[in-house]
Asker: 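Let me give you the structure first, and then I'll get to my questions.
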Amino acid sequence: MLIRSVETFILRVPLGGKTFYSSQAKFPERNSLLVRITTDDGIVGWGEGGQYGPPEPVASVIGDVFAPLLVGQPADRPVVTSERLYAFSRDFGQKGTYVEAISAIDIAMWDIWGKRLGQPVHALMGGAFRTSVHAYATGCYYPEAPWDRDRLLPDLEAEAATYVESGFDILKMKIGLLSVEEDMARVAAVRRAVGPDIRLLVDCNHAYNANTAIRIGRELEKFGVHWIEEPVVPEDRAGYQRVRAAVSVPVAGGEAEFTRFGFRDFLSEGCVDIAQPDICVCGGLSEFLKIQALASAFGVLTVPHVWGSGVALAAALQALATIPPQPHTANPVALQNEPIVEFDRKHNPLRDDLLVENFSLRDGRLDVPQGPGLGITVDEAVLRKYAAA
Ligand code: CA
């Protein structure tokens, strides 16, 4: 079974009136870079590379650099292929676009291998600890500017309440765009809306210097917040250490880190309590296995970051199935020692429409796809509809 073709698809959906903000940027659209690898005996594998960065450079690396190396090569050995692609691009691509391109190819090759053997990817990765994963809602972003200060808190409270009503008991909200005082008022509003029993996470998207993050972390302690995500920029490992040492709120991060080498430094320097590799960014499922092994050796729970299309979510669920409780107990508790899955609740047709299958919440959980490979079917008509010309 050899690789016959490697094709890329850039998908784009403008969000129109549903535009939202994190601390870093406006999100006027959803975009995804998908790769489709086809074998000489007709098996098709899908992968996704990158998160919200521009998809064109990733497509170029796959199409112009890696595809010529892949065509005619065996299609059933993702680990070997990913190692070789990384070795090829090491001198100029240790982080960023090249690793995102490898991620996409790697995921597609696991999909192919699983389809070839008639097994789900998680079975090939060594087996599943769970068939469904406790989900958390990511929401409570910022609406489009200019902000109506009078509406900000009431709208936020109403939004937070909808997540509880739909069955979530863990909610992640955005902070970092406004002043500390305004953002703490937002956290207070969400806590008021959801009550004391919902576990609340906050995501700064690296908005702060360490000193501000520490000030905020101490405020968050009062609201019973269960993690503070990306408090400082990913390069500032000393800042991560300072935040982690100064506040009792667990520190999460890693969506902007790459490969086992990046996570080796991130973990050995004591930056986080929760590691968040993104499967479509960190190097794919092959690299995820190595990162997760490192994290477990450091006593750190791995909770993959999830963004992108339904392909990205399916890959994350396959990975999540294989994460051992950290540490083992006879009764693992979600978030405490049992991984959870990020389920972004903002409008995302690339996740909700692209696949024949649906991801829907059942008792607050998402099922791990059980079909061969990633266990998903891309709807080619929808693919064409969203593929940029
Ligand atoms: Ca994040």
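Count residues from 1 along the sequence. Predicted model, so just to flag it, every value in this text is computed and none were measured. First listed ligand is number 1; within each ligand, the first listed atom is number 1.
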Asker: Taking the Ca ion (ligand 1) as the vertex, how big is the angle to OE2 in E229 and OD2 in D203, rounded to 10°?
Answerer: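 So the angle at the metal works out to 90°.
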Asker: Return the orientation label for the F261 and Y86 ring planes: parallel under 30°, perpendicular over 60°, tilted otherwise.
Answerer: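 Parallel: the ring planes of F261 and Y86 meet at under 30°.
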Asker: For the Ca ion (ligand 1), does an N/O/S atom of E230 lie at less than 3.0 Å?
Answerer: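 Short answer: no, not a single N, O or S atom is under the cut-off.
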Asker: Tell me which N, O or S atom of E255 sits nearest to the Ca ion (ligand 1).
Answerer: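 Going through the N, O and S atoms of E255 one by one, OE1 ends up nearest to the Ca ion (ligand 1).
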Asker: My understanding is that only one of F20, Y142, Y21 makes a ring pair (Phe, Tyr, Trp, His ring centres under 6.0 Å) with F27; could you say which?
Answerer: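 So, applying the ring pair (Phe, Tyr, Trp, His ring centres under 6.0 Å) to F27 and each of F20, Y142, Y21, only F20 qualifies.
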Asker: Are E159 and K346 ion-paired here, with the side-chain N under 4.0 Å from a carboxylate O?
Answerer: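 Yes, charged N to carboxylate O under 4.0 Å.
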Asker: Do the rings of F266 and F263 sit parallel, tilted or perpendicular, given the 30° and 60° boundaries?
Answerer: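 It falls in the perpendicular class, over 60°.
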